[in-house]
Structure formats: C-alpha cells, structure tokens
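A short worksheet on the structure shown next.
Chain identifiers are assigned alphabetically (A, B, ...) following the order of the sequence lines, protein sequences preceding nucleic acid strands; residue numbering begins at 1 within each chain.
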Protein chains: 2
Amino acid sequence: MGKLNENTLEHVAHRFKILGEPMRLKLLNCLQKGELCVQDLVEQTGAGQANVSKHLSLLSSHGILGRRKKGLHVYYFIKDKSVYDLCDLVCNSLEKDAAGLQQVFTPRQS
Amino acid sequence: MGKLNENTLEHVAHRFKILGEPMRLKLLNCLQKGELCVQDLVEQTGAGQANVSKHLSLLSSHGILGRRKKGLHVYYFIKDKSVYDLCDLVCNSLEKDAAGLQQVFTPRQS
DNA sequence: AAACTATATAACTAAAGAGTAAAATTGTAT
DNA sequence: ATACAATTTTACTCTTTAGTTATATAGTTT
C-alpha cells in the first residue's frame, strides 16, 4: 500500500464496500465459469429478480461485470478478474486466522 | 476463488465490509510504518476520539490489528499484513480502469 | 396490433452502521 | 484519596442501503 492519498483511499474503500455484500459475492461466484443471464442468477441464488438486477447493475456500473444483450436476455460476465484474487487473499487470511484459533483452543498433550 | 460455500462467502464479504470504510483504511494507512496510540491516530486522521477508538476496536476484534497497553496509552499495530496486499490489488485494478477510460476519451491523431 | 417474457426502475420499509457527546473505565500522578 | 489523562462504552441521530412490491421498459411472438 504505497502512498494512499485521501482521494484514492476513498476509491479503494468504495471498491471494498461493493465487494462487502454476501449477495454480490454470491453472484460473482456464480459467474466464475462463464456468463449468465439474470434469470439464471435468480435461480442459482434464490434471490428476488429486482434485487439481483440491482446488484448486477451496481457491479457492472463499476467495471467489475460486463453486460451483453441478446434478445430478451441480458448476459453478465466478469470483466475485472482481480476480484477473484482479492477473494483468494481474504480466504487465505481467514484460514490462517482459523488455524491460529484452533491452535489456541486445542489442548496439547501433557 | 475456489468453491466458496455459503458460510465462507459470508466471512469473506464481512472482511471486505470491514475494509470498505475510508476512515478505517486511513487508520491502516497511518499504521504502515509502525504502531501508534489512539491519540496519535486521532491527530493524524483529524477524526473524533470516540470514533477512532470504535474503528480500532472493530479492526482488532477481527484480527486485522493488534493491541498493546502501555500505561495510559493503548498502541495498535498491524497484525494481518495481507490488508496491504488487498489494497495494492485494488489500486492496480483501479489504475487499469482509469487507463482504460483515458484511452477512450483521448482522441487519436488521424 | 395485442399478449407475453426478461430486465430495469421507482417507491417504500427496515436494518445496519458512521459519527458524536457524554458517561464510565483504567491507569497515573500528586 | 483526589485529581487528572487516555481510552472505551453507551445512547443517540442521521445516512446509507438491502430487500421487496409494483410499475415501466425493451424485445419477442402470434
């Protein structure tokens, strides 16, 4: 994290905030294997149509997803693959935390 | 992002949410060079004392910061350095976005 | 054209959370 | 013990936002 001025700091925080909703991560997770239309995502997530649509709009308006219209359907796809790297980093960090906790709570043989 | 089940997905989102506040990133930014006490951080950020204290509590209760008491002062320090990697990743992604926009809006010589 | 389907938008409700001021803790100094 | 200083906690206000329902838009089919 080199020299974060006030402005870029806001942008970075904003990006994190966008990724900080379980439903949005769920959508990104579904889109790992390739593009899907809104319907598909509604089915796979079990969320409401309007809700899914709003999240997708947000993600695409911030360059994380791309949008492709084909007839009645709108297909969304991953545009910024760095989100997966971010998730991986967080996962590793959380696993390390969990390992640490386990070590604390697992009594040693005496 | 390998196989994120419902549960880990929530945890990852939660971590992002924690990092999704400008003031918290500001605090992490201040702590890059080493530990600081609450007062120092209040001065460096210009935020209210209670506010800073709450953010620090949150960050340390989630393993991102560590806490060390010394007399009247409480020193906070980075415990999970991966947060800087996360910020770097986001910065790179945002820079790429900005570069793309510039390319779109900069007319070529014809 | 009308009927239908997929998606987006608008308006609303409810919950979460950032900031603040005041009171409570905790530790120090006199 | 009293006074003081650093930090935390509590209680509150205000803003933001996720989810929902209903409506609007865009495209298709008959």
- Task: Would you check if A/E95 and A/N92 make a side-chain contact, meaning some heavy-atom pair closer than 4.5 Å?
- Result: yes
- Note on the structure: Here the residues of residues 53-64 of chain B within 4.0 Å heavy-atom distance, strictly under, of DNA chain C are B/K54, B/H55
- Item | Heavy-atom side-chain proximity of A/L56 to A/V74 below 4.5 angstrom | no
- Query: So which heavy atom on A/M23 is nearest to which on A/A47, and how close?
  - Reply: CE-CB, 3.7 Å
- Message: On DNA chain D, does the nearest nucleotide to B/Q39 precede the nearest nucleotide to A/A47 from the 5' side, or the other way round? Give the residue.
- Response: B/Q39
- Query: For A/L89, does its backbone N or O pair with a side-chain atom of A/S93 as donor and acceptor, under 3.5 Å?
  - Reply: no
- Message: Within the structure provided, determine whether B/L31 and B/L41 are in side-chain contact (heavy-atom separation under 4.5 Å).
- Response: yes
- Below 4.5 Å, heavy atoms only, C-beta onward: do A/I78 and A/Y84 meet side chain to side chain? yes
- Task: Would you check if there is a donor-acceptor pair between the side chains of A/D85 and A/S82 at a distance under 3.5 Å?
- Result: no
- A/R67 side chain near C/dA8 phosphate (N/O to OP1/OP2, under 4.0 Å): yes
- Atom NZ of A/K26 and atom CD of A/E21: how far apart are they, to the nearest 0.5 Å? 12.5 Å
- 5' to 3', nucleotides 21-30 of chain C under a 4.0 Å protein heavy-atom cut-off (B base, S sugar-phosphate only, - none) gives BB---SBS--
- Can you pull the ring pair (Phe, Tyr, Trp, His ring centres under 6.0 Å) pairs that have at least one residue in residues 19-69 of chain A, sequence neighbours excluded? A/H14-A/H62
- Task: Quickly work out the A/N51 CG to C/dA14 C1' distance and round it to whole Å.
- Result: 14 Å
- Message: Do B/L25 and B/L28 make a side-chain contact, defined as non-hydrogen atoms from C-beta onward lying under 4.5 Å apart?
- Response: yes
- Message: Can you pull out the residues from residues 13-21 of chain A that lie within a 4.0 Å heavy-atom distance of DNA chain C?
- Response: none
- Note on the structure: residues 43-71 of chain B vs salt bridge (Lys or Arg N to Asp or Glu O under 4.0 Å), sequence neighbours excluded, gives B/E35-B/R68
- Query: OP1 or OP2 of C/dA6 less than 4.0 angstrom from a side-chain nitrogen or oxygen of A/Y76, does that happen here?
  - Reply: no
- Message: Is the phosphate of C/dT5 approached by A/H73 (side-chain N or O, under 4.0 Å from OP1 or OP2)?
- Response: no
- Under 4.0 Å from any heavy atom of chain B: name the first and the last nucleotide of DNA chain D that qualifies, 5' to 3'. D/dA5 to D/dT9
- Query: Can you find a heavy atom in the side chain of B/D40 that is under 4.5 Å from one in the side chain of B/H73?
  - Reply: no
- Same cluster for A/L36 and A/V38 if Ile/Leu/Val/Met/Phe/Trp/Tyr side chains link at under 4.5 Å? yes
